[in-house]
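Counting starts at 1 for both ligands and their atoms, in listed order.
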Amino acid sequence: MILPKLKITQSATIEINSLALKKAEAGEKIYNLSAGEPMVNTSDIVRDAAIAAIVSGRTHYSPVAGIPELRQAACAWVNRAYGCSYGVEESVVTCGGKFGIYALCRALLEPGDEAILFSPFWVSYTSIIELCGAVPKIIQTAEKNGWKPTMADIEKSINSRTKVLILNNASNPNGVLYTREEIESILALTDAHDIAVISDEVYSGLVYEGEFASCGSFPKYKDNVAVIQSCSKHFAMTGWRVGLVFANAEIIKCVASLQSQSTTGTSTISQWAAVSAFQNAEIIIADVKSAMKERRDLFISTLNKIFGISLNPPASSLYIFLSLKDLRVENMDSKIFCQKAMEEGNIALVPGVAFGQEGYIRLSFGSTPDDLVEALQAFGRYLKKA
Ligand code: PLP
């Protein structure tokens with residue numbers, strides 16, 4: 001038997017979802033607290049645009065960098081929403097934000113290079129960096145410091161091999177939001193060391209408190225910054241697979257060439273649907289965000305009541321990053337905890353260790369309100385028994 005040469009593991013979130021799916025297929029009830037998406041329907045505006053694209057025969061290959069209408073509409077949106085100044089040549093449409101991150105890492109990293117991440121980090125960053133033959137340089141942060149590193153922490157981790165820093169603002173798994181001042185300090189530091197910043201901003205539309213600041217909105221640092229955007233989260237379009245990279249024209253050309261030799265870009269139908277999403281961004285995002293804010297508030301108040309804790313709501317995204325100690329669970333690592341919760345209680349959670357932070361679990365409030373309350377009640381019953 002021929003065996004694969006590539007050493008790569010499945011993303012931990014996908015592993016737990018697959019186990020949950022298997023149980024569901026066998027007819028078991030699953031309490032899903034691991035959804036990585038807002039469980040709301042994609043807007044009718046977007047669905048109608050996709051149908052119109054199919055009916056009118058817009059079903060052929062698109063330019064590898066994306067249809068110009070989408071690049072235009074996406075640039076117009078980031079520019080008006082976040083004060084950026086991207087032109088069409090500084091944008092490329094990708095197969096979701098995830099392929100955008102992969103393509104950027106391929107474009108910016110060589111084997112042996114280092115890429116800085118703040119822990120907890122989104123699960124795929126480390127694997128993507130390693131796929132490039134590069135090394136993730138992880139800076140640990142702590143809940144008591146708002147999950148943010150100090151400038152000294154970042155400076156200490158820089159050396160001659162450091163080529164990239166990935167910033168996730170707003171953040172998965174803990175909803176952390178960086179202020180304009182904090183971002184400016186990070187950009188000044190990375191600029192001084194010729195380090196490119198990949199700013200993953202796929203949750204920018206799901207900010208409930210505070211103001212979102214884009215790394216792409218600082219003219220002084222624009223050339224060294226690449227912004228990742230996506231239709232997945234704030235337009236509730238995860239299955240359509242439309243993401244965007246905004247960066248200087250040379251990086252964009254490189255990403256487009258990589259696509260021309262790999263994915264050939266994303267579905268043309270999805271791209272036409274995404275044009276209407278960006279053209280109606282304010283209305284669609286307001287709807288998704290208000291649904292998610294309601295779910296967040298319900299989730300936090302139910303969680304606090306059931307477990308007798310006083311957790312504050314996260315400022316953004318779709319997740320709560322909860323310490324096992326808050327649940328009075330001691331001496332159990334997060335992966336074992338989540339495996340047992342699925343095996344014995346049919347509760348889908350994601351272990352903190354998948355995000356580089358042991359002792360925590362991630363709970364999502366993306367599901368419907370009824371499902372969330374039911375799942376939290378089941379989780380409460382499970383923990384009482386365990
Ligand atoms: N970045 C973060 C922080 C995410 O949580 C996700 C998805 O969960 C992505 C990027 C990729 O999203 P997509 O590829 O659906 O745009």
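Residues that satisfy the salt bridge (charged side-chain N to carboxylate O under 4.0 Å, His left out) test with E90, not counting sequence neighbours, are K222.
Sorted by first and then second residue, the ring pair (Phe, Tyr, Trp, His ring centres under 6.0 Å) pairs with a member in residues 187-218 read Y82-F212, Y203-Y319; sequence neighbours excluded. For residues 145-184, every residue pair satisfying the ring pair (Phe, Tyr, Trp, His ring centres under 6.0 Å) rule, not counting sequence neighbours, is listed here: W147-F321, W147-Y360.
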Walk me through whether D223 and N248 qualify under side chain to side chain donor-acceptor pair (under 3.5 Å). CA-CA 6 Å; D223 280 347; N248 73 50; 5.0 Å; no
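The aromatic rings of F365 and F299 lie tilted to each other, with the angle between the two planes from 30° to 60°.
Counting heavy atoms from C-beta on, the side chains of L6 and L131 come closer than 4.5 Å.
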Short N or O separations between ligand 1 and the protein, below 3.5 Å:
| from | atom 1 | to | atom 2 | distance (Å) |
| --- | --- | --- | --- | --- |
| ligand 1 | 1 (N) | D200 | OD1 | 3.4 |
| ligand 1 | 1 (N) | D200 | OD2 | 2.5 |
| ligand 1 | 5 (O) | W122 | NE1 | 3.3 |
| ligand 1 | 5 (O) | N172 | ND2 | 2.8 |
| ligand 1 | 5 (O) | Y203 | OH | 2.8 |
| ligand 1 | 8 (O) | K233 | NZ | 2.7 |
| ligand 1 | 14 (O) | G97 | N | 3.2 |
| ligand 1 | 14 (O) | K98 | N | 3.0 |
| ligand 1 | 14 (O) | R241 | NH2 | 2.8 |
| ligand 1 | 15 (O) | S232 | OG | 2.6 |
| ligand 1 | 15 (O) | R241 | NH1 | 2.8 |
| ligand 1 | 16 (O) | G97 | N | 2.6 |
| ligand 1 | 16 (O) | S230 | OG | 2.6 |
| ligand 1 | 16 (O) | S232 | OG | 3.3 |

